[in-house]
Amino acid sequence: QLQQKNRTHSSDSISSLTSYYWKCGHSPLGSLLGCSAAVAMGVLVFSAYKLGVLYQLFHKTETNSPRHGGESVAAVLRAHGVKYVFTLVGGHISPILVACEKVGIRVVDTRHEATAVFAADAVARLSGTVGVAAVTAGPGLTNTVTAVKNAQMAESPLLLIGGAAGTLLQGRGALQDIDQMSLFKPLCKFCASIRTIREIVPTVRKALAVAQSGTPGPVFIEFPIDTLYAFHLVSKEFGVKNPPKGLMGKVVSWYLNNHLMNVFAGAWETRDVSPLPVDIPQATDHQVQKCIELVSRAKKPVILLGSQATLPPTPADDIRKTLEDLGIPCFLGGMSRGLLGKDSPIHIRQNRRDALKEADVVLLAGTVCDFRLSYGSVLNRRSKIIAINRDRTQLLKNSDMFWKPTVAIQGDAGSFLVRLSKGLKGHRCPEEWPQRLKAGDVTKENVNRAKAEEKTEHHLNPLKVLHRVDELMAEDSIIVADGGDFVGSAAYIMRPRGPMRWLDPGAFGTLGVGGGFALGAKLCRPESEVWIVYGDGSLGYSVAEFDTFTRHKTPVICVVGNDACWSQISREQVPILGSNVACGLAFTDYHVVADGYGGKGYLVRREDEDRLSDIIREAQRETQEGKATLLNVLIGKTNFREGSISV
């Protein structure tokens with residue numbers, strides 16, 4: 001019955017509509033034809049727009065111009081203050097590299113694409129600008145995935161430029177053609193695929209702004225090969241050579257020719273290449289005032305600083321002065337290590353868990369409650385917790401289970417600390433609190449130093465080696481941490497001398513960052529000693545970059561803790577599962593490898609213990625004279641890191 005009523009209603013509606021049109025002097029057939037013509041016209045206009053026909057009516061295609069899309073990329077990068085582009089060369093991206101070199105951007109080629117991205121990451125961290133890496137299509141890009149994910153988790157602003165198959169050849173089996181966009185969308189804040197040369201400037205400007213805004217992170221742009229080379233080359237490669245006959249042949253020929261003209265239409269018109277505004281979230285005045293009240297009443301406050309505290313726009317020296325004015329004991333992690341110098345009375349390095357149990361106010365300034373803070377379970381539930389982070393997800397991580405913030409602020413940690421200090425107007429933490437924590441520090445470090453003097457069953461005591469390096473390294477040294485067990489010990493023993501002088505992978509725990517991080521650091525701070533603290537396992541990932549250090553005259557010093565083992569894994573695997581399978585390595589002659597790549601290698605054994613200081617000083621002299629050096633130190637086993645986690 002309902003269907004019958006609907007049919008009757010529809011029939012009546014149609015009859016009424018027909019009568020209306022007849023009364024207006026129109027036949028239904030004429031109206032239908034008119035609607036069809038309008039739809040057809042709309043489709044035609046839309047197609048003309050999508051195919052670029054309309055754009056070409058108003059914008060010229062300069063078919064005789066020798067210019068290419070790489071020049072547009074270089075112009076934007078130079079306008080944004082980019083000094084270095086790291087790469088492993090490939091034909092897809094050659095125009096970008098050549099154009100960058102011509103405008104004064106230094107192109108630094110590495111021996112692995114991951115190293116190029118790690119180097120760009122280091123430049124981003126140390127310079128406060130966007131680091132840039134350019135790699136070729138397909139396997140060139142897939143080789144960067146780990147490094148890009150590391151940059152995402154370390155919150156480093158980084159632009160990855162990738163080559164790609166021609167716009168019309170994607171998905172048709174071209175050389176090194178894969179769906180690159182799907183690969184990088186989960187890893188990057190912004191992804192774009194250039195389709196015409198006129199898109200290059202606005203897209204690169206936007207990507208660079210997005211990389212630095214909010215929570216910094218990597219961005220990705222792929223450049224199909226026909227958007228980078230000059231018109232005469234692209235037309236020769238992609239133009240119609242022997243068009244098929246007949247109507248379909250003419251249609252195909254027109255389509256291909258139009259596509260080519262559209263790629264280059266308006267390509268060389270003047271465009272603004274200057275930086276776009278960067279959006280940085282800030283705490284509100286009300287939030288700052290509430291925190292001022294909490295801190296002013298605290299008797300045992302503690303500040304935990306993460307890498308976010310060192311991000312622009314607040315200079316690291318301003319943050320250091322702010323912390324010193326507050327007088328609150330600080331635990332420093334990630335890039336904030338070294339922020340307070342070598343021997344600050346408020347920098348606490350040991351017994352963090354005990355301090356957090358006693359603290360009445362805890363300020364998490366860019367620090368995340370992940371595995372590094374036992375997911376927040378180490379925080380005292382009676383403590384007032386102030387959390388500030390640019391990323392809301394990180395700000396509240398695990399707050400549904402183990403901890404609750406008293407005040408949660410989505411904003412910039414560095415700027416917040418400066419405003420907090422100004423609001424407290426000279427108020428300082430009661431001195432007996434940091435003094436007591438510092439005394440615990442001294443006690444623990446004396447115990448560690450005593451362990452360094454113990455004889456190991458074989459080879460040198462790794463703690464003694466690290467203490468000696470720490471004593472002899474220059475005051476301006478930058479420390480790059482790349483490894484597991486040996487580097488874990490170094491984190492307790494080696495003391496960065498100042499802000500932005502410690503580089504580690506961050507929360508992702510990536511091995512293999514050493515070569516790239518050191519390369520970027522030495523370029524940013526050529527006057528500084530750059531030390532890579534390597535485990536013998538992690539060295540294998542980037543030892544080939546000694547060739548890069550030699551060719552690009554970036555002498556660094558590497559100290560390798562060589563115990564012929566993946567010790568951080570073996571320490572748990574053997575007692576739990578009863579086997580050392582896959583954990584054993586060999587006491588390889590890594591110093592010989594360094595020599596082969598143009599560096600200078602040293603083998604350091606137990607019988608060299610009395611000469612250890614002299615060998616380190618000789619390596620420093622070699623580095624000052626322009627040679628990258630490697631200390632292959634054979635080390636024994638200690639129980640210093642028993643109980644440390646590897647999963």
Side-chain angles (χ1 to χ4, degrees), residues 72-86 105 117 120-134 148 150-161 184-185 187-192 194 199-221 271-285 287-288 305-319 322 334-336 365-366 368 388-395 409-419 499-500 506 520 524:
S72 299
V73 178
V76 181
L77 296 182
R78 183 176 64 173
H80 284 70
V82 173
K83 294 181 179 179
Y84 309 102
V85 170
F86 299 95
I105 297 172
V117 176
D121 186 340
V123 167
R125 299 188 196 194
L126 294 175
S127 69
T129 59
V130 178
V132 180
V148 174
N150 193 81
Q152 181 193 44
M153 294 189 67
E155 299 173 348
S156 295
L158 185 149
L159 169 61
L160 176 64
I161 292 171
F184 286 96
K185 281 179 180 177
L187 308 178
C188 297
K189 296 178 66 181
F190 171 82
C191 291
I194 299 298
E199 298 172 19
I200 291 176
V201 168
T203 303
V204 177
R205 289 178 76 209
K206 180 180 179 180
L208 291 168
V210 170
Q212 299 172 87
S213 294
T215 305
V219 292
F220 169 62
I221 306 175
R271 292 180 173 85
D272 185 4
V273 296
S274 63
L276 294 169
V278 174
D279 177 36
I280 299 174
Q282 300 289 349
T284 65
D285 291 339
Q287 289 171 327
V288 174
L305 273 85
S307 296
Q308 270 195 20
T310 64
L311 291 173
T314 309
D317 286 337
D318 290 357
I319 299 171
T322 292
M335 286 297 296
S336 73
V368 182
I388 179 160
N389 198 294
R390 293 194 187 190
D391 186 285
R392 183 165 181 80
T393 301
Q394 302 287 24
L395 173 68
I409 303 168
Q410 185 176 0
D412 175 58
S415 305
F416 167 80
L417 289 169
V418 172
R419 292 167 65 190
M500 318 297 281
C524 285

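Values below: all heavy atoms of this structure, side chains included; hydrogens, waters and symmetry mates excluded.
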Next on the checklist: Working note: V82 + V130, criterion side-chain contact (heavy atoms from CB on, under 4.5 Å); need CA distance, chi angles, decisive distance, verdict.
Outcome noted: CA-CA 7 Å; V82 173; V130 178; 5.5 Å; no
Next on the checklist: Run the side chain to side chain donor-acceptor pair (under 3.5 Å) test on S336 and T310 for me, step by step, so that the C-alpha distance in whole Å, both residues' side-chain angles and the decisive distance to 0.1 Å come before the verdict.
Outcome noted: CA-CA 6 Å; S336 73; T310 64; over 6 Å; no
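The side-chain heavy atoms of L417 and L305, taken from C-beta on, include a pair separated by under 4.5 Å. Side-chain contact between F416 and T322 is absent, with no heavy-atom pair separated by less than 4.5 Å. Side-chain contact between R271 and R205 is absent, with no heavy-atom pair separated by less than 4.5 Å. Within the 4.5 Å cutoff, the side chain of I194 has heavy atoms near those of the I221 side chain. Residues P216 and L311 are in side-chain contact: their nearest non-hydrogen atoms beyond the backbone lie under 4.5 Å apart. With a 4.5 Å cut-off on side-chain heavy atoms, V123 and F86 count as touching. Counting heavy atoms from C-beta on, the side chains of D285 and R419 come closer than 4.5 Å.
For the atom pair OG (S307) and CZ (R125), the distance works out to 6.5 Å, reported to the nearest 0.5 Å. Distance check, rounded to the nearest 0.5 Å: CD of Q410 to OG1 of T393 gives 8.5 Å. In this structure, OH in Y84 is found 9.0 Å from OG in S127, a value given to the nearest 0.5 Å. Note: N389 CG to Q308 CD = 4.0 Å, rounded to the nearest 0.5 Å. Atom CD in Q212 sits 10.5 Å away from atom CG in L159 (nearest 0.5 Å). Taking CD1 of I319 as the start and OG of S415 as the end, the distance is 7.5 Å to the nearest 0.5 Å.
Scanning all heavy atoms of the two residues, the minimum distance from P281 to G214 falls at CD-CA, 3.8 Å. For the pair S213 and P277, the tightest heavy-atom approach, listed with the atom from each and the gap, is OG-O, 4.4 Å. Of all non-hydrogen atoms in A365 and A309, the two that sit nearest each other are O-CB, 4.2 Å. Between Q394 and D391, the closest heavy-atom pair is N-OD1, 3.0 Å. Nearest heavy atom pair, residue I280 against residue P312, reads CD1-O, 4.0 Å. When all heavy atoms of E155 and P157 are compared, the pair lying nearest together is O-CD, 3.8 Å.
Checked by atom type and distance alone, the side chain of Q152 pairs as donor or acceptor with a backbone atom of L187 at under 3.5 Å. Side chain of K189 to backbone of V210: a donor-acceptor contact under 3.5 angstrom is found. Looking only at distances, no side-chain donor or acceptor of R390 sits under 3.5 Å from a matching main-chain atom of D412.
Under the side-chain contact (heavy atoms from CB on, under 4.5 Å) rule, V117 has a single partner from N150, L158, V132, which is L158.
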